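These notes are about the structure you will find just below.
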Number of protein chains: 2
Amino acid sequence: MAPMKLYGWVVSPWMGRVRVCLEEAGAEYEIVPMSRCGGDHRRPEHLARNPFGEIPVLEDGDVTLYQSRAIARYVLRKYKPELLKEGDLEGSAMVDMWMEVEAHHVEPTLWPIIRHCIIGPYVGRPRDQAVVDECLGKLRAVLPVYEARLSVSKYLAGDDVTTADLCHFGFMRYFMASEYAGIVDAYPHVKAWWDTLLARPSVKKVIAGMPPDFGYASGNIP
Amino acid sequence: MAPMKLYGWVVSPWMGRVRVCLEEAGAEYEIVPMSRCGGDHRRPEHLARNPFGEIPVLEDGDVTLYQSRAIARYVLRKYKPELLKEGDLEGSAMVDMWMEVEAHHVEPTLWPIIRHCIIGPYVGRPRDQAVVDECLGKLRAVLPVYEARLSVSKYLAGDDVTTADLCHFGFMRYFMASEYAGIVDAYPHVKAWWDTLLARPSVKKVIAGMPPDFGYASGNIP
């Protein structure tokens, strides 16, 4: 069977989310590299794959999928459904709930910090510290919720790693490379959880292609 | 078995999303009404249910769940899993993908329009037309994608209604009560899809508790 194809640029946090899940799943896949600077995502052939012009896109035979969390679910449902706790009504609900928490309380909080503090200086965009401070305020409200949860269970949806944990990877990876990473030190269970994720072979493999500065310093940007 | 408990105020679009799914599931549930104006969502007893202080929250025996899409999945997985296309790898991926599209391209686009154009005048908040116009621009980019999809399949994830369609209910309901609802007229398949959803008994029942102005004109606000 032909390997899955994953379209995008590997430094993307959304791409990182999906790649960690592909690695966890043990799926055979090839990356079809695209150039963001070159505008590959706005070309007709990519808009035919994803009309929103975003990456990543997964092709698996006749199936074409976009939206990183939907791709993550698909890959794990196909190859490692235990990471979705399928068949466990309460367990799968916890996976879903923490995936939604990530989607609505974590990614939208970390992404502006990453854009302003890591990417901004390289692309000559002045930092809007008010936006950064607002997001840091939100983060300081979210972290105690994670600390409380991770004080009573090793992972977000229980005692085993699930898609919910893995879906945090892409944005946490870059936030933890920012000048504000130290905020997490005040939350020892969150810190331990992140360190545990960092130790996973899937994460080690994927992070190797995601330099903390998105490749800007070396000029090796997609 | 004790009925499920759903905490919140019924005019909420998030509450509406969950209630339509509960009705579709044929689940027995009781609403535990809360007062937003009274700050019930910030009281310790509610923060114990949902540390983010948001509604709705579902209690089903020992299970306490928040995040409306996670609740929707739980309820349908328990009572009507065919609406998630569980067991159908490609079908469930389409459900997931369109749920993510709703979460990231529709709700964040419609909610500011609803806040500024419907709620704003009642709470004395000046309308920020720039924000409204920006969202209308995004909506005009999203609607053709929906039109294309609904031109080739009756519902978002295929020929049968699924959770993906139902999850659009809450925010579409209020947008379609706004002065900008007519924008949808240019997209006949989207309009027909919405009219088909409106005709469902679940939607008819739930919409009855969701006045188009959130109850502001009558002063009957939660």
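Remember, predicted model here, so these are calculated numbers, not experimental data. The sequence lines fix the lettering, A, B, ..., with proteins before strands; numbering per chain opens at 1.
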**Q.** Full working for side-chain contact (heavy atoms from CB on, under 4.5 Å) between A/Met99 and B/Arg69
**A.** CA-CA 10 Å; A/Met99 282 184 74; B/Arg69 292 178 196 85; over 6 Å; no
Q) Under the side chain to side chain donor-acceptor pair (under 3.5 Å) criterion, do A/Glu107 and B/His104 qualify, and how do the steps go? A) CA-CA 11 Å; A/Glu107 178 181 317; B/His104 300 286; 5.6 Å; no
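Two residues are said to be in side-chain contact when any heavy atoms from C-beta on lie closer than 4.5 Å; B/Met94 and A/Leu65 meet this criterion. No side-chain heavy atom of A/Asp96 sits under 4.5 Å from any side-chain heavy atom of B/Gln67.
Ranked by heavy-atom pairs under 4.5 Å with chain B, the list A/Pro108, A/Pro144, A/Ala141, A/Ala93 is led by A/Ala93.
Between A/His105 and B/Phe52, the ring planes lie parallel to each other; the angle is under 30°, not in the 30° to 60° tilted range.
Counting non-hydrogen atoms of other residues, nucleotides and ligands closer than 6.0 Å to NZ of B/Lys78 gives a total above 12. Enclosure of atom NZ in B/Lys5 is not indicated, since only 12 or fewer non-hydrogen atoms of other residues, nucleotides or ligands lie within 6.0 angstrom. By the 6.0 Å contact criterion, CZ on A/Arg115 is enclosed, its count of non-hydrogen atoms from other residues, nucleotides or ligands being greater than 12.
Within the 4.5 angstrom heavy-atom criterion, no atom of B/Val95 approaches chain A.
Once rounded to the nearest 0.5 Å, the distance linking CZ of A/Arg73 with CG of B/Leu89 reads 13.5 Å.
Shown here for A/Ser92 and B/Arg77, the closest heavy-atom pair between the two residues is OG-NH1, 2.9 Å.
Contacts between residues 7-29 of chain A and chain B, counted as heavy-atom pairs separated by less than 4.5 Å, involve no residue at all.
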